[in-house]
Amino acid sequence: MKHGKYPLIITFLVPPLLLYGIFVLSPYLQAFQISTTNWLGYSATADYVGLENFATLLRDGALWNAVKNNAILLALLPVLTIGLGLFFASMLNMGGRRGTAGVVGVRGTAAYRLVYFFPQVLSVVIIALLWKEVYHPNSGLLNASLRAVGLPAPTWLGDPRTAFWAVLAVMVWANVGFYVVLFGAAMQAIPKDIYEAVMLDGASRFTTLRRITIPLLWDTVQVAWIYLAIAALDGFILIQQMTDGGPNHSSDVIGLRMYNTAFGTETKFGYASAIGVVMFFLTLSVAVLALRVTRRERIEYS
């Protein structure tokens with residue numbers, strides 16, 4: 001420090017920034033550049049085509065189908081996951097039962113937390129393979145249970161009418177446990193006196209959740225919404241492993257469409273990069289919009 005603080009700052013700040021620029025920012029910039037070419041990925045030359053790839057995007061029916069599926073995920077995945085996460089977290093932390101230490105959760109809270117969080121210790125590939133077996137039309141657990149009670153057993157992942165919704169259910173199942181823990185940790189910071197006062201006033205659990213818990217946890221809910229919105233615009237690994245976008249593109253998403261365009265039979269890296277550029281701006285726009293729409297004045301409590 002005898003030479004001043006700025007040499008020290010430069011010494012420790014410049015190398016990480018250089019590494020970030022080389023390994024993070026540089027690939028983004030290369031993707032923008034490749035999106036204006038007709039590069040096939042393995043060819044030695046790449047001709048400049050300007051905005052032709054982006055014009056082709058507007059006429060690509062398969063891509064618009066993927067965008068539609070991502071839009072449905074964007075509308076449903078955050079709502080279902082956050083809704084279930086808040087409900088389970090409130091039951092585990094403030095289930096309405098009064099104990100010697102005030103308001104406490106339901107009995108067996110530790111065991112429930114373990115069950116809910118279990119999907120988080122599994123990789124996405126393991127989750128996909130696990131649920132493919134659950135959805136198996138002949139030997140799957142789900143269809144075996146339906147047959148046991150006399151109900152019809154659909155071909156969940158082989159029917160265009162059910163494949164997308166089956167994958168959506170797995171996405172919710174895989175994500176909700178993390179947000180149960182996240183919301184539960186945030187609820188621990190809320191003074192129990194507030195919940196005791198609400199119980200004395202005779203408020204129902206739903207009213208308590210809507211009027212007390214959600215406003216006090218809004219910052220956490222906002223962060224969860226953004227993360228889930230980004231996840232809804234992705235969904236690549238799970239869908240690729242479970243359905244590969246089928247049957248008949250019924251469960252296709254933008255990320256999978258980009259991957260198949262780049263590494264499929266046509267290997268159109270230039271066109272796939274254009275899809276990636278659109279996906280980049282779409283994800284950025286959704287994140288900024290979610291921040292602005294969900295912005296509220298912070299509620300302070302002591």
| message | Taking side chain to side chain donor-acceptor pair (under 3.5 Å) as the definition, give me every residue that meets it alongside D252, ordered by chain and number, with sequence neighbours left out. | response | R257
| note | Sorted by chain and number, sequence neighbours left out, side chain to side chain donor-acceptor pair (under 3.5 Å) with Q188 holds for N93
| field | Hydrophobic cluster of L18, others only, ordered by chain and residue number, side-chain cut-off 4.5 Å | value |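 I10, V14, which link up through side-chain heavy atoms under 4.5 Å apart, make up the rest of the cluster.
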| field | Cluster companions of L114 among Ile, Leu, Val, Met, Phe, Trp, Tyr (side-chain spacing under 4.5 Å) | value |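 Grouped by the 4.5 Å side-chain rule, L114 forms a cluster of one, so the answer is none.
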| Does anything in residues 156-185 pair up under salt bridge (charged side-chain N to carboxylate O under 4.0 Å, His left out), and if so which pairs, sequence neighbours excluded? | D159-R161
Pairwise side-chain hydrogen bond (donor to acceptor under 3.5 Å, both in side chains) hits with a residue in [range], at least two apart:
range            : result
residues 133-153 : H136-S139, N143-W156
residues 267-281 : D60-Y271, E266-K268
residues 11-33   : S26-Q30

Count the heavy atoms belonging to other residues, nucleotides or ligands that lie under 6.0 Å from [atom1] of [X], then report whether that count exceeds 12.
X    : atom1 : answer
L51  : CG    : no
F54  : CZ    : yes
Y227 : OH    : no

| note | To the nearest 0.5 Å, atom CG of N69 lies from atom CG of L74 at 12.5 Å
State which residues pass ring-ring contact (aromatic ring centres under 6.0 Å, His included) with [X]; sequence neighbours excluded, sorted by chain then number.
X    : answer
W39  : F269
F88  : Y116
F236 : Y259

| message | Which residue is it: V121, I126, I127? I am looking for the one with a side chain to side chain contact (heavy atoms under 4.5 Å, CB included) to S123. | response |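 It is I126, the one option of V121, I126, I127 that forms the side chain to side chain contact (heavy atoms under 4.5 Å, CB included) with S123.
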| said: One pair to check against side-chain contact (heavy atoms from CB on, under 4.5 Å): F164 and L73. What are the steps and the verdict? | reply: CA-CA 10 Å; F164 175 79; L73 289 176; 3.8 Å; yes
| task | Using the side-chain contact (heavy atoms from CB on, under 4.5 Å) rule, take I190 and L217 through it: C-alpha gap first, then chi angles, then the decisive distance, then the call. | result | CA-CA 9 Å; I190 300 177; L217 298 184; 3.8 Å; yes
| request: Would you indicate whether the side-chain heavy atoms of T81 and Y179 approach each other to under 4.5 Å? | output: yes
| Will you find, in the side chains of T213 and S90, an N or O donor that is under 3.5 Å from an N or O acceptor? | no
| request: Not counting sequence neighbours, list each pair that qualifies as a ring-ring contact (aromatic ring centres under 6.0 Å, His included) and has a residue in residues 57-76. | output: none
